[in-house]
Each structure stands twice: as C-alpha cells, then as structure tokens.
Amino acid sequence: MSKPDPDEVSRQLAARSLANDDPTGWFEVLYRAAEAGETQVPWERTAPNALLAEWAAGSDGHGKRAIVIGFGTGQDSEFIASIGYDTTAFEVAATAVSAARRHFPNSRVDYV
C-alpha cells in the first residue's frame with residue numbers, strides 16, 4: 001500500500017489547522033507524521049535549493065550572518081553555513097528543530 005501524496009497531506013493538514021484558527025499548527029503535525037514514517041515533508045530535499053546555490057556561487061560568508069526562515073530539513077541552512085556564514089535557522093515546528101539537530105549533530109547552524 002502506497003503512502004498518500006505528501007502535497008495532499010500537507011494541504012489537508014493546513015486546511016484543518018486554519019479551520020481551527022491555528023494557521024501554523026499543521027507544520028508540527030506534518031513533521032511528526034513524517035518522523036513516524038506516515039508521510040514525507042513535501043519540500044524535503046537532499047541538497048540545497050538550486051536557486052540559492054546559484055545565488056551564493058563564489059560567495060564568502062566569513063564575517064557575515066545569515067538567517068534561514070522555515071529551514072525545513074536543513075539543507076539550505078547547512079549550505080549557507082558551509083560557505084562561512086554565521087547561520088541561524090528558524091522553523092515553527094519543534095519536531096523539525098529536533099530532527100535537524102539529530103541529522104546534523106556537529107552543525108555550526110543554530111537551529112531554533
């Protein structure tokens with residue numbers, strides 16, 4: 001039996017959350033379901049966003065700071081930190097923060 005489409009799952013969770021006047025609560029539900037293997041995060045990638053990588057080509061972030069809002073699975077955050085930026089990455093789902101810290105245990109990124 002195949003898992004439901006991750007985009008559809010996220011749309012359904014978002015709709016329920018909005019109906020309950022909790023516009024960001026669905027992110028936590030989604031990340032918990034992904035950790036349990038019930039679905040996957042639709043925006044999960046194994047590499048940084050191609051547009052971000054293109055923008056940063058040749059950049060040197062040493063001595064500079066960056067913030068990644070909505071870091072998802074942490075790929076963009078790790079990339080930015082790898083080119084020298086002092087990086088803080090923010091996510092509304094505590095489960096996403098815990099997962100990123102586990103996935104990147106020696107990271108220089110401050111996941112919050």
- Task: Give a yes or no on whether the backbone of Ala56 and the side-chain of Ser59 come within a donor-acceptor separation of less than 3.5 Å.
- Result: yes

- Task: Could you tell me whether Asp21 atom CG has more than 12 heavy atoms of other residues or ligands within 6.0 Å of it?
- Result: no

- Val109 with Phe104, same ILVMFWY side-chain cluster at under 4.5 Å: yes

- Message: Please tell me whether Tyr111 and Phe71 form a close aromatic pair, meaning their ring centres lie under 6.0 Å apart.
- Response: yes

- Item | Nearest-0.5 Å distance, OG of residue Ser10 to CG of residue Leu30 | 6.5 Å

- Message: With rounding to the nearest 0.5 angstrom, report the OG to CZ distance, Ser98 to Arg32.
- Response: 10.0 Å

- Note on the structure: Interatomic distance, CG@Asp110 vs OG1@Thr88, rounded to 0.5 Å, equals 4.5 Å

- Query: Can you list the steps and then say if Asp22 with Arg16 is a salt bridge (Lys or Arg N to Asp or Glu O under 4.0 Å)?
  - Reply: CA-CA 9 Å; Asp22 183 14; Arg16 273 186 251 147; over 6 Å; no

- To the nearest 0.5 Å, atom CD1 of Ile83 lies from atom CG of Asp60 at 8.0 Å

- Message: Between Trp55 and Phe79, is there shared hydrophobic-cluster membership here, with clusters defined by ILVMFWY side-chain heavy atoms closer than 4.5 Å?
- Response: yes

- Task: Could you pull out the closest heavy-atom pair between Pro4 and Thr39, with the gap in Å?
- Result: O-OG1, 4.4 Å

- Query: Of the non-hydrogen atoms in Val41 and Ala34, which two are nearest, and what is the gap between them?
  - Reply: CG2-CB, 3.8 Å

- Task: Test side chain to side chain contact (heavy atoms under 4.5 Å, CB included) on Glu8 and Leu13 and set out the steps.
- Result: CA-CA 9 Å; Glu8 183 58 31; Leu13 291 173; over 6 Å; no

- Message: Check for me, please, whether Val92 and Leu18 land in the same ILVMFWY cluster - side-chain distances under 4.5 Å, paths through other members count.
- Response: no

- Item | Gln75 vs Ile80 side-chain heavy atoms within contact, under 4.5 Å | no

- Identify the two heavy atoms, one from Ser77 and one from Ala89, that lie closest to each other, and give their separation to 0.1 Å. OG-CB, 3.3 Å

- Task: Give the intermediate values and the outcome of side chain to side chain contact (heavy atoms under 4.5 Å, CB included) for residues Glu28 and Glu91.
- Result: CA-CA 10 Å; Glu28 181 61 31; Glu91 184 61 69; over 6 Å; no

- Query: Do Asp86 and Lys64 touch side chain to side chain, with heavy atoms closer than 4.5 Å?
  - Reply: no

- Message: Let me confirm one number: the CD-OG distance from Glu78 to Ser107, rounded to the nearest 0.5 Å.
- Response: 3.5 Å

- Rounded distance (nearest 0.5 Å) linking atom OH of Tyr31 with atom CD of Glu44: 8.5 Å

- Task: Indicate yes or no: at least one non-hydrogen side-chain atom of Ile67 is less than 4.5 angstrom from one of Thr87.
- Result: no

- Please report the closest heavy-atom contact between Glu35 and Ala99, naming both atoms and the distance. OE2-CB, 3.3 Å

